[in-house]
A.B. asks: 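Here you go, one structure.
All values below were derived from every heavy atom in this structure, side-chain atoms included, with hydrogens, water molecules and symmetry-related copies excluded. Each chain gets a letter, A, B and so on, in the order its sequence line appears, and its residues count up from 1.
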Amino acid sequence: MFTLKNEKARQFWAGVRAELPLLVGVFPFGMIYGALALNAGLSKSAAQMMSSIVFAGSSQFVAAQLIHESAPGLVIVLTIVVVNLRHMLYSASLAPYLASLSTRWKTLLAYLLTDEAYAPTILHYERNGVQPFGHWFLLGAGLALWSTWQASTALGIFLGAAIPDSWSLDFALPLTFIAMVVPVLKGRPYVAAALSAGAVALLAHALPFKLGLILAALTGIAVGTALETRETRKGGAL
Amino acid sequence: MNIWLVMLLGGLVTFGMRFSLIYLFGRFQVPETMRRALHYVPPAVLSAIIAPELFLSDGVLNVSLGNTRLLAGLAAVLTAWFSRNTLVTILAGMAVLLALQYWM
């Protein structure tokens, strides 16, 4: 039994270690979230709880922005769904390595499954294959990220409370989105997706219930996907 | 809708998506089109939020040098392009906005 216990601990701490370099980027991001969520009009407890209930960085920023704009609840939930859809891919990709676990383990690990926990974990799994205690690696990576995210949110809320309204800090949210979107524009379909979504958002701005946002997002996704499909067909590659 | 209910629903669906295919392993495959479409979610959603923030003043299209948020946003786009750094981009955009608000 001694060696089994060691193997669990070994996998767990390997997960924590693999997560450490990512935490350097996560910590300031969590602080920015905390400060901006507060500024967007969320209460301290709501801003903090969103980090543990939703626990998905970019969708939390988007939700804070929509709450600031007094968007209807259903539109906010729908937007969170669209922004977090990619987690289904992570779920599918990790599934073969977690297939033998109990539902309780699957539930816990699914809750901890974020971009930053997925990235080092899938690398580890692809390198080592299915291992008896491989799920402890994801647990280590996930918990390291989870605790860092909660702590950095709290610090951000603490600091954000000290920033006066006259600093126009609400504008830091769209600026954060600009910082997120520009690096992903790595080809014509991406630029087209961004431009068409932006244009539709302006044209459809007057639609009730912030439906313009959903319409614009779906347009951008459709335009990008269609262009990529056409380019791959034309190029013949892949 | 109450903000707590929004967060609870948002958290539930997010968890549901994370849990879905781990739980349904072997019984469902992600279609190729959806796999492809997911790459375009971040640029589409984020741009749909950014554009009105920059181009509209009180709900009206405002493309002029008097629109400080548009100018600050463009400065942030350039900064993001060259720096690829979130914090630097936010600081540059905020600095331009506050400077313009101060001088105009």
Side-chain angles (χ1 to χ4, degrees), chain A residues 28-29 46 49-50 53-54 56 62-63 65 67 72-74 76-77 80-89 91-92 94-96 98-99 106-107 110-111 113 168 171-172 174-185 190 193-194 197-198 201-202 205 213 216-217 220-221 224-225 228, chain B residues 1-11 13-15 17-26 29-30 33-56 59 61 69 72-73 76-77 80-81 84-87 89-90 93-94 97-98 101:
Chain A
F29 201 55
M49 285 307 285
M50 179 135 70
I53 296 177
V54 181
V62 170
Q65 170 72 24
I67 290 167
L74 208 59
I76 302 179
V77 174
I80 292 177
V81 171
V82 176
V83 173
N84 287 340
L85 261 177
R86 68 183 184 289
H87 289 105
M88 284 183 77
L89 288 184
S91 185
L94 291 183
L98 309 175
K106 286 179 178 171
T107 307
Y111 168 68
L113 182 55
S168 306
F171 191 59
L175 290 175
T176 311
F177 298 144
I178 289 176
M180 289 170 164
V181 83
V182 170
V184 302
L185 302 179
Y190 290 90
L202 291 179
H205 182 72
L213 169 72
I221 294 167
T225 313
E228 187 191 314
Chain B
M1 206 191 292
N2 179 298
I3 180 174
W4 290 94
L5 187 60
V6 169
M7 291 200 313
L8 203 63
L9 285 176
V13 290
T14 302
F15 170 77
M17 290 186 288
R18 289 168 171 168
F19 185 66
S20 60
L21 299 177
I22 292 179
Y23 188 70
L24 292 174
F25 174 59
Q29 290 258 307
V30 182
T33 318
M34 183 182 163
R35 210 172 269 271
R36 188 170 285 185
L38 283 176
H39 293 298
Y40 297 98
V41 170
V45 174
L46 297 178
S47 303
I49 294 176
I50 296 166
E53 286 289 323
L54 300 188
F55 286 94
L56 303 180
L61 190 68
R69 291 191 171 219
V77 170
W81 183 260
R84 309 265 143 172
N85 183 307
T86 309
L87 204 56
T89 302
I90 297 173
M94 286 308 294
L97 180 75
L98 293 177
Q101 281 177 348

A.B. asks: Step by step, work out the side-chain contact (heavy atoms from CB on, under 4.5 Å) result for A:L113 and B:I22.
C.D. replies: CA-CA 11 Å; A:L113 182 55; B:I22 292 179; 4.2 Å; yes

A.B. asks: Measuring heavy-atom distances to chain A, does B:L97 have an atom under 4.5 Å in its side chain, in its backbone, in both, or in neither?
C.D. replies: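 Interface part for B:L97: side chain.
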
A.B. asks: So do the side chains of A:H205 and B:L56 get within less than 4.5 Å of each other, counting heavy atoms only?
C.D. replies: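 The answer is yes; the side chains approach within 4.5 Å.
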
A.B. asks: Measuring heavy-atom distances to chain A, does B:V30 have an atom under 4.5 Å in its side chain, in its backbone, in both, or in neither?
C.D. replies: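 When you check distances to chain A, only side chain atoms of B:V30 fall under 4.5 Å.
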
A.B. asks: Can you tell which of A:G220, A:A110, A:G198 has the highest number of heavy-atom pairs within less than 4.5 Å of chain B?
C.D. replies: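 When all of A:G220, A:A110, A:G198 are compared, A:A110 has the most.
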
A.B. asks: Are there over 12 heavy-atom neighbours, none belonging to A:L74, within less than 6.0 Å of that residue's CG?
C.D. replies: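 Result for CG/A:L74: open.
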
A.B. asks: How many angstroms lie between CD1 in A:I67 and CE in B:M7, if you round to the nearest 0.5 Å?
C.D. replies: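 The CE atom of B:M7 is 7.5 Å from CD1 of A:I67, to the nearest 0.5 Å.
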
A.B. asks: Heavy-atom pairs under 4.5 Å with chain A: which of B:N2, B:L61, B:I3 has the most?
C.D. replies: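 When all of B:N2, B:L61, B:I3 are compared, B:I3 has the most.
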
A.B. asks: Once side chain to side chain contact (heavy atoms under 4.5 Å, CB included) is applied, do any residues pair with A:A194, and if so which ones, sequence neighbours excluded?
C.D. replies: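 Scan of A:A194 (side chain to side chain contact (heavy atoms under 4.5 Å, CB included), adjacent residues dropped) gives A:L185, B:P43, B:S47.
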
A.B. asks: Would you say that A:S168 contacts B:R69 through its side chain, given a criterion of any heavy-atom pair below 4.5 Å between the two side chains?
C.D. replies: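 Sidechains of B:R69 and A:S168: in contact.
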
A.B. asks: For a 4.5 angstrom cut-off between non-hydrogen side-chain atoms, does B:H39 reach A:V184?
C.D. replies: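 Contact flag for B:H39/A:V184 side chains = no.
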
A.B. asks: Excluding sequence neighbours, so at least two apart, what forms side chain to side chain donor-acceptor pair (under 3.5 Å) with A:E228?
C.D. replies: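 Applying side chain to side chain donor-acceptor pair (under 3.5 Å) to A:E228 gives B:R36, B:Y40.
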
